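Because the structure is a prediction, the values reported are computed rather than measured. Read the numbers this way: they start at 1 and go in the same order the structure lists the ligands and their atoms.
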Amino acid sequence: MMRLAILGASGHGKVVADTAVSAGWNDVVFFDDAWPGVTWNGIWPVVGSTGDLISQRGDFDGVVVGIGNNSTRAVLQRKLMVAELNIVSVFHPSAVISTHAHVGSGVVVFANAVINAFAQVGAGSIINTGAVVEHDCSIGDFCHVSPNAVLAGGVSTGFQVWVGAGASVKQLIHLGNEVTVGMGSVVLHDVPEGQTVAGVPASPIFSQD
Ligand SMILES: CC(=O)SCCNC(=O)CCNC(=O)[C@H](O)C(C)(C)COP(=O)(O)OP(=O)(O)OC[C@H]1O[C@@H](n2cnc3c(N)ncnc32)[C@H](O)[C@@H]1OP(=O)(O)O
């Protein structure tokens with residue numbers, strides 16, 4: 001019996017759970033601070049809070065954070081690391097990950113994603129369904145490459161970068177810390193820290209909030 005705890009009973013968490021089951025984890029439960037108000041996430045039980053997970057760490061073979069928001073995931077994974085939980089990565093069996101790639105702890109790689117030779121993926125990052133991280137890319141910690149996004153060869157990113165669904169980033173481009181790339185965008189130039197870019201070709205945008 002392989003027991004996995006997922007922190008974060010979210011929609012993203014459901015995909016982490018489903019991926020984990022496909023990867024051979026046969027007992028999957030959630031923890032979330034909304035417990036006991038929330039007791040189920042899809043077919044998986046929510047059995048306690050973050051504090052409960054930390055106090056029950058000996059009951060699990062691994063733990064992974066199932067929260068899509070990059071900064072929230074970073075805070076929680078670091079908290080679990082300080083508490084010395086066994087942070088694991090979860091790879092869907094249909095994902096292709098080069099034996100010459102390096103993937104950090106707490107990374108999830110969903111169905112049909114590809115991480116090619118000599119790419120590096122930082123701790124806690126999400127390589128979502130069908131995303132492609134090409135050869136020699138260097139992805140920082142707690143990033144999210146959304147479904148069907150493509151990072152061409154040698155792209156590098158800082159931490160907590162979010163590349164939206166279906167976006168493409170040209171080879172050798174650098175995305176600074178906490179950059180957001182809008183869905184469907186085509187990025188042709190480096191993007192400085194904290195900027196949101198979108199469109200074809202991508203240019204800076206500003207939220208209307
Ligand atoms: C499994 C999963 O679901 S994983 C998650 C996948 N989800 C995604 O990939 C979504 C990524 N998010 C986006 O693309 C968002 O639109 C963001 C983050 C780029 C911008 O969001 P906000 O900051 O809320 O910006 P807002 O919606 O106010 O738009 C600001 C302007 O940018 C434009 N804009 C927003 N997104 C895009 C885009 N992807 N491409 C082109 N233009 C865009 C808007 O039309 C608006 O233009 P206007 O001022 O001329 O009217």
Side-chain angles (χ1 to χ4, degrees), residues 6-23 28 30 32 41-44 64-77 89-97 103 106-115 121-134 137 139-152 155 157-170 173-209:
I6 302 174
L7 181 58
S10 62
H12 171 67
K14 289 176 190 168
V15 187
V16 176
D18 201 38
T19 300
V21 170
S22 297
V28 175
F30 280 91
D32 193 293
N41 192 31
I43 62 166
W44 296 279
V64 64
V65 180
I67 293 174
N69 180 278
N70 288 340
S71 58
T72 306
R73 191 169 66 260
V75 167
L76 290 175
Q77 180 165 325
S89 292
V90 175
F91 306 146
H92 194 278
S94 69
V96 177
I97 302 171
V103 176
V107 171
V108 296
V109 184
F110 290 165
N112 292 327
V114 177
I115 301 174
V121 178
S125 287
I126 300 167
I127 310 301
N128 218 311
T129 311
V132 175
V133 176
E134 266 301 342
C137 281
I139 309 301
D141 292 345
F142 304 106
C143 292
H144 180 184
V145 185
S146 296
N148 279 335
V150 176
L151 306 187
V155 166
T157 86
F159 58 80
Q160 290 170 218
V161 167
W162 181 20
V163 180
S168 299
V169 183
K170 186 181 177 182
I173 291 297
H174 179 70
L175 308 177
N177 298 329
E178 299 182 290
V179 157
T180 298
V181 175
M183 53 192 167
S185 301
V186 173
V187 181
L188 300 176
H189 302 289
D190 290 357
V191 182
E193 177 166 348
Q195 196 161 76
T196 297
V197 295
V200 182
S203 59
I205 66 159
F206 301 95
S207 174
Q208 295 169 350
D209 295 342

Sub-4.5 Å side-chain heavy-atom contact between [X] and [Y]:
| X | Y | result |
| --- | --- | --- |
| Trp44 | Val21 | yes |
| Val28 | Ile6 | yes |
| His144 | Asn128 | yes |

Exercise for the section: Quick one: closest heavy-atom pair of Ala23 and Pro93, and the distance? Expected result: N-CD, 4.2 Å
Problem - Whether Gly199 lies under 4.0 Å from ligand 1, heavy atom - result: yes
Practice task
Could you tell me if any non-hydrogen atom of His144 lies under 4.0 Å from any atom of ligand 1?
Solution key: yes
Could you list which atoms of ligand 1 come closer than 4.0 Å to a heavy atom of [X]?
| X | answer |
| --- | --- |
| Ala198 | 37 (C), 38 (C), 40 (N), 41 (C), 42 (N), 43 (C) |
| Phe206 | 30 (C) |
| Gly164 | 9 (O) |
| Gly182 | 14 (O), 19 (C), 39 (N) |

Problem - With sequence neighbours excluded, residues passing side-chain hydrogen bond (donor to acceptor under 3.5 Å, both in side chains) with His12 - result: none
Exercise for the section: Would you tell me which option among Ala165, Ser146, Pro147 has the nearest heavy-atom contact to atom 1 (C) of ligand 1? Expected result: Pro147
Completion exercise
Nearest heavy atom to atom 34 (N) of ligand 1, choosing from Ile205, Val15, Thr180, belongs to Ile205
Problem - Identified side-chain contact (heavy atoms from CB on, under 4.5 Å) partner of Leu151 from the options Val145, Val181, Val132 - result: Val145
Problem - Single hit among Ile139, Asp190, Val163 for side-chain contact (heavy atoms from CB on, under 4.5 Å) with Leu175 - result: Val163
Problem - Part of Trp162 within contact of ligand 1 (heavy atoms, under 4.0 Å) - result: side chain
